[in-house]
Structures are given as structure tokens and as C-alpha cells.
2 protein chains.
Amino acid sequence: MGGGRGVTIADVASRAGVAASTVSYVLSGKRSISPETAQRVMDAVAELGYHPHAGARSLASRKAGVIAMMLPLRHGMHLPVLMQFASGAVTEARRHDQDVLLMTADEGPAGLARVAASSIVDGLILMDVEVRDPRVEALRRLGLPSVLIGFPAEAEGLTCVDLDFSAAGRECAEYLIGSGCREVALLGASEAVYERRTGFAERVRSGFLKRGLERGPDVRAEARPCPDDPVSVQRTVKELLAARPALDGLAVHNEPAVPHVLHALADAGRSVGEDFHVVVIGPDEVAERVHPQLPSVLVPAERLAEIAVGHLMRKLGGVEVPDSTLVEPQLTIRLFERDPVLLEPGERVDLLAVDADLEVQMRSGGVPGRAGQ
Amino acid sequence: MGGGRGVTIADVASRAGVAASTVSYVLSGKRSISPETAQRVMDAVAELGYHPHAGARSLASRKAGVIAMMLPLRHGMHLPVLMQFASGAVTEARRHDQDVLLMTADEGPAGLARVAASSIVDGLILMDVEVRDPRVEALRRLGLPSVLIGFPAEAEGLTCVDLDFSAAGRECAEYLIGSGCREVALLGASEAVYERRTGFAERVRSGFLKRGLERGPDVRAEARPCPDDPVSVQRTVKELLAARPALDGLAVHNEPAVPHVLHALADAGRSVGEDFHVVVIGPDEVAERVHPQLPSVLVPAERLAEIAVGHLMRKLGGVEVPDSTLVEPQLTIRLFERDPVLLEPGERVDLLAVDADLEVQMRSGGVPGRAGQ
DNA sequence: CTGTCGTGTCGAAGCGCTTCGACGGACGGA
DNA sequence: TCCGTCCGTCGAAGCGCTTCGACACGACAG
């Protein structure tokens, strides 16, 4: 352990032949320094491999250069989505020269008080905010600059970012109707989820149903919750088909249920992609790892993270940001098991007309394929 | 933003009627303080909600109270496993009163140099270490206390922790043979994985094959790599069955392939769980979300994280830790789609004898069901 | 009764950085 | 020519904490 003694600003200063404060000003740009001096300083910094001591900096400047990210690491929430979120947040934070401290939600309000009081972070991103979330209250009391992912009941004066779940529900209905379906249903999460965070699941449902209503009397739409164990999924789908024999479209907002839904539909003799359409609200992998691959609306976790971090940086810089930011959902359709095609919000595809030509046309039509994600 | 001015150690001191240094000693326990004084100080701390300023503390004590965790957040690696890992690490670190800074692997060696030089962290956990990993070299040069998850080529003088993948391969072979299989195969990851990190996939393979050999001439074992797209999986399984018509057991070390393997086997008329046995190396969800549910060996991410953090804490405290720690794999069998049963390493179940009685017997026999995970 | 030790507490000296006020010199306007 | 400005740089004063040495004070041995 150990290693060479740390390089301090004094070392840099003496090597560059200037005062320590000058080095500081070169590095921060807070006062103008002549180009020649600045260059000498930068050279010294590079030669010595100088990095300012984070603690000293935070003590003197009252800025830690670190933001906290509180994730619900224990249960619930889809893990991969969280990971994408974390990834996006770290990447974006580093772009702003900030580091990210990872906290678990089970540190709760006390954890927030701790990081706030110890000035270990400058701000905070709170994920998976629930409708009645004790952390939100604590946050308000602490006055720590923050951005929430999700919407609590009292969003007054808080900065919140989330996917526009209502629009996601609407997109799904729209997709199914556009594919020629006339009797559609939303298979949701278990009732427990609806109770826990009205926001989220509820918004999908209302968006979905509303679009069905708008469309007029030739379309029937309904929604029903569904537990996510295989047996319940099978049963729920069977009941649904029994009650609505003409059902020809299904939106599934329940990740683990997807494969079982397909099984149940196959058992019932429906041919997905031909006389029946299914669309998923969930991560790409869920929609890709079934046969046939399904169109889906995903939670754009990296995007949300970027926006959240960006907002937080602006708040730290004293810039105003909107209280509420809703991210438009994007529907990815998957044709012939090939590369996915991304639709812009509002863009429509009449799947009855889909054929190889269309696929090519859409690809070359400037609609970007998803690269990273 | 803002909020009340921060409470400092001086505030606590004056309220308790002692010197600041006394408060410090009470909090750190580095000098003996009379019980009465200590109590007064603790009361003042609680009343004022005092938390020491992290920067000041790190500046004065040369300890940050933070460890870094560098994860391969971009691609590859199974995301849920990473998340479990992160969760375990944060939880364990908090137990030691440390915070966790999250870094992405694409910050690379420069990122390590940065955090080391700025004293922003006391130590480091490096995940998903590859055989030839440039970060390892940097780490050695920096002399930053660290623990690696995975084994690089030159592990000399480094602390490494990992699942005993060879034992995992052995367990799988053992399970299949114990289930009555006589011709078994390992379906691995794509060849690219084998090339990238010889450690990991290769160790599973050799453990699997070795167990097959040991068992003697009545058992045949082979291994073959397999890409993870659905079409290749189907093809690979078909080829395998064509070449080895008597094949009756398969270990799958390729998460996305699992559902497709089952499809291919069904297409070929094999009845999994009856005349054919399949075991998975991968996360629980992968083995649970197929029909029938499969036995599996998982990467015990939380466990690894705990061990890694524990080792790091010990190193920071100047205590010796073993260079190499291999965690025993555990095979989880899943009977009748009910709760999973966990086998101790070495424990065996003759699946030919499995029936409802055995299930009950195993449950009550003190073999714990998995709770959290 | 004096000297010696321990125990509990205090004061002061930094840790490495940022930032404020000051200052010397160049420059332009009067 | 002199003075006011502005620019580039410096020195010093903290930021809030830990830690070292010093110092009372009572206990105890000589």
C-alpha cells in the first residue's frame, strides 16, 4: 500500500514558479491568468500527475464534486433497468466532472440527513420515488438540491423526471389499433403494484384505455391486473380470452409474464403476429428473448438518468429547471427477427402493409436503429 | 436550496462545555474520556444532529471513508448480477461506515489514477477483471488498496475473489450424472467469450469435463461453445442431438440461450425432466422463468460483494487477507415448480427417486429455502 | 510531605485547498 | 507628465477536522 507521497498544489506551484493561488486560478478559471503562466502551470500539473485533494477542495470551496444516487437496490424494480440508469448517471456525471456516490433506499431519510450534513455530496438523485415516500419529506426539510425519478404525491417545489407512462399506454393502444386490432386489452402488473405506486402502473392503464375510448365505438379496450407467476398468467389470459373471444390485441405491462402470455396464447390457438398482436411495456431483452420477438415500449433508463443528472447540475449551478419533465415513450417494432426499428413518437406504421420493402424503406428513411442501449 | 448553516464540531463542543478535540476523541474513541463527559458530548451530538464534515475529516485524517467500486456498466456482463453485486457491496460497506463511489470501467486506468491521487477513496473494488486487464497494471503501480473480482493473468500480490467456476462445472456434471444421465454436454457461451476471458468460461468447461472423465467409461461428456442468438442456439442444439442421439443431459452456461435450448429440445421430442435433464449456470430468474423450471448454479453476487468489501476493510485496517478466495458454488434444484431447494456443496440428490415425499423430507431436513436473493 | 505516575482534558498546529484583498506594473486619457 | 484603471499575480486567512504535546489533578509510593 501507500505509494509516493501525494503531489500538492504547492509542488505544482513551485515547479511552475508561481504562487499556489495562481495554480488554483488556472485550474478553476475564476480569474484571468496570462497564457504563458497558464501553460507553465498546466505543464507542471501534467508532469507531476497532480490531482487536487478532494477533501481539501471540498472543505475550502464547500463543493464536494460528488452527487449521491439513491437506488432501491433490494427488491421490486427491474434490475437491468436500474443498472442502465446507474450507468447513464455515472457517465453523465463524469461529463460534468462529478463523481457518484451510490446509496441504497434502505438508508432512508436518515441516510439523506447524513450525506447532507456531512457535505459529502452536493446533490442527490432519488430513484423509484413512490407516491407517499418518507424520503421526499426529509429531502424537503434538508433543502439538498435534488432530482427525483418518479412523481410523489406532493411534488410541490421538487424537480421530477419520469417516462410519460400515460403516453406509453396510449402508444400501445395506438399500435394495436393501427395493426388492425379491434378488441384490445392491457395485461398489467399484480394489484399490489397498483396500490403501491398509483403513478406508474395507473398512468399506463389510463393512457391505454383513453386511447381506446377516443378511437370510438368500433374498438373495445379493457385492462386487468395480473400476478406475475406462470400459473396466474396462464389463468388470467385464459379468462380474458373466454370473456372476450374476439380479442385480437394485447399490451403486456408485466415483464416476467411475457413468455407465459405467449404460451397461453399459443395454447389457445392464437397466432401472434398474424391474427393476434402483442406489444410489451418493458426492457428490450424481455421483448427480444421470446418467439416471435415483440414490439415494445421501454423505460429509457439511460435517457432519464442523463436528464436527471443534467437537471441536477443546472440546479447546482443556480440555473432554473422545470419542476416536471416527462420523457416521451418510444415504440420499437421488431420485424422478421431482424434489427429493431425505432419509431419516433407520433410516427405510425400500418403493420398490415408490412413487408420486406417497407422494412428497408423504414430503415433508410432516417429512422435510426438503436445502437448502444 | 441551502438550508441551515452546518453544525460544526465547535458547536457540539461549546454545547457540551468541552474542547473540540475532546469531541473528536469521544467520537473516534482514540483516547479515553470519562463516561460523564462522553455522555454530554453524545447528547450534544444528537441534539444538534451533528455529522462531521467529510472533506475536513478526510483532509485531517487522510482517510476518506469511501471506497470505489468500478463496474463494467456498458455491456457484456449480466446486468442483474451486477446490480446484486452493487447492492451487496453498498450494504456491506455501510456496515463498516464507509460509502461507495460508483465508477464505470470505461474510465479505465486514468480513472484509477484520478481517484487515487485525489484521495477521494481509501480503496477500490474492481469487478469483472479480465485475464489481461490494463487496469490491473495501473492498480499495482498506484498501490491503492484493492480487491478484484475475477482473476487476471498475473495475480501476484493482488487480492482476488471469485466464484469457483471449475467447481460449478463439476457440480453440473455431477448433477446430471446423479440424475441418471450417461451422455452429457456443456453448452457454453459464444467463442468470443472464451477468448476474452479464459478464466471464467474456460474453468467451467474444464470442471465439467473433468468430472465426466473421472466418472469413468460409462459416461461421455463434451463441451461446445454456442452464440446466444435464438437461431444459432436452435442450430447448435440440433447439431448436438444429431451427433449424439443418446444425449440425455445438458448443462447450459449461456443465459440468453436457455429458453431457446428448451424449445429446441421440445422440437426434438425430448421431455426435459423425464428422459432428459438440463441444468443452468446463471441467475435464478433465467432458470425460473422457463417451463419447466430448471436446476441452476448461480453466481452468488451479493456473497462475493460482501467478501470483497470485507477483505478490503481488513486491508485498510492493516490486516492480512488471503490472496485468493474461491467461493463454493451452490446448486439449486427446483421441484414441481414450487419453492426452490438449496443443496449444500457436496450434497447430492438422486433425482430418479424424487417424489413428493422426498421434497417434504428435504425441506424439513434443515436445508434452507432461499429467502432474499 | 514531596515526587511520580496516570488519567482526562485542552490548545495549537496543521491537512491542502479556495478566495479575498492588495499590490506592482503597463497602459491610456487628461 | 501624472493619475486612474485594469490586468496578472501574490500572500494570508480560513474551511472543519484530527492529532500531538502539554498540563492539571488526584492517587499513590517513598
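In what follows, chains are A, B, ... by sequence order, proteins preceding strands, each numbered from 1.
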Should B/Ser32 be listed as having a side-chain N or O under 4.0 Å from OP1 or OP2 of C/dG8?
yes

Report yes if some heavy atom in the side chain of A/His53 is under 4.5 Å from a heavy atom in the side chain of B/Ile120; otherwise report no.
no

Closest to the A/Ala60 side chain, choosing from D/dC17, C/dC17, C/dC10
C/dC17

Using atom CD1 of A/Ile9 as one end and atom C1' of C/dT18 as the other, report the distance to the nearest whole Å.
8 Å

Calculate, to the nearest 0.5 Å, the distance between atoms CD1 and CD1 belonging to A/Ile149 and A/Ile307 respectively.
8.5 Å

Which protein N or O atoms sit under 3.5 Å from an N or O of nucleotides 11-13 of chain C?
from, atom 1, to, atom 2, distance (Å)
C/dG11, N7, B/Ser21, OG, 3.4
C/dG11, O6, B/Ser21, OG, 3.2

Among the nucleotides C/dC17, C/dA22, C/dT9, whichever has the atom closest to the side chain of A/Arg31 is C/dA22

Is there a side-chain contact between B/Val129 and B/Cys160, using heavy atoms and a 4.5 Å cut-off?
no

Nearest whole angstrom, please: distance from the P of D/dC17 to the CG of B/Asp11.
9 Å

Side chain to side chain contact (heavy atoms under 4.5 Å, CB included) partner of A/Leu148, the single match among A/Ile125, A/Asp162, A/Val136:
A/Val136

Does a side-chain N or O of A/Ser58 approach OP1 or OP2 of C/dC17 to a distance below 4.0 Å, or not?
no

Can you name the residues that form a side chain to side chain donor-acceptor pair (under 3.5 Å) with B/His311, not counting sequence neighbours?
B/Arg314, B/Thr325

OP1, OP2 of D/dG16 versus side-chain N and O of B/Arg57: anything below 4.0 Å?
no

Roughly how many Å is it from CG in A/Leu27 to C1' in C/dT19, rounded to a whole number?
15 Å

Measure the angle between the two terminal helix axes of the helix from C/dC1-D/dG30 to C/dA30-D/dT1, five base pairs each, and quote it to 10°.
50°

Please round to the nearest 0.5 Å and tell me the distance separating atom CG of A/Leu48 and atom OG1 of A/Thr8.
9.5 Å

Please state how far atom NE2 in A/His53 lies from atom P in D/dC15, giving the value in whole angstrom units.
19 Å

Residues in side chain to side chain donor-acceptor pair (under 3.5 Å) contact with A/Asp133, at least two apart in sequence or another chain
A/Arg135

Under the 3.5 angstrom rule, does the side chain of B/Lys63 hit a backbone N or O of B/Asp122 as a donor-acceptor pair?
no

Interface with DNA chain C, restricted to residues 36-43 of chain B and to heavy atoms under 4.0 Å
B/Thr37

Salt-bridge test for B/Arg95 and B/Glu92: reply yes if a basic N is under 4.0 Å from a carboxylate O, no otherwise.
yes

Could you tell me whether the phosphate oxygens of C/dC17, OP1 or OP2, come under 4.0 Å of any side-chain nitrogen or oxygen in A/Ser61?
no

To the nearest 0.5 Å, how far apart are CE in B/Met42 and CG in B/Leu27?
6.0 Å

Nucleotide D/dT18, atom P - distance to CD1 of B/Ile33 in whole Å:
13 Å

Applying side-chain contact (heavy atoms from CB on, under 4.5 Å), run through A/Val299 and A/Gln84 and close with a yes or a no.
CA-CA 10 Å; A/Val299 176; A/Gln84 286 170 245; over 6 Å; no

Only distances under 3.5 Å count here; give the side-chain donor-acceptor pairs of residues 112-119 of chain A to other protein atoms, sequence neighbours excluded, each with its distance to 0.1 Å.
from, atom 1, to, atom 2, distance (Å)
A/Arg114, NH1, B/Asp99, OD2, 2.8
A/Arg114, NH2, A/Glu107, OE1, 3.4
A/Arg114, NH2, A/Glu107, OE2, 3.4
A/Arg114, NH2, B/Asp99, OD1, 2.9
A/Ser118, OG, A/Arg114, O, 3.0

Would one find a side-chain N or O of B/Arg62 under 4.0 angstrom from OP1 or OP2 of D/dC17?
no

Roughly, in whole Å, what's the span from CG in B/Leu59 to C1' in D/dG14?
12 Å

Can a side chain N or O of A/Lys30 be found less than 4.0 Å away from OP1 or OP2 on C/dT19?
yes

It should be established whether B/Ser24 places a side-chain nitrogen or oxygen under 4.0 Å from OP1 or OP2 of nucleotide D/dT18.
yes

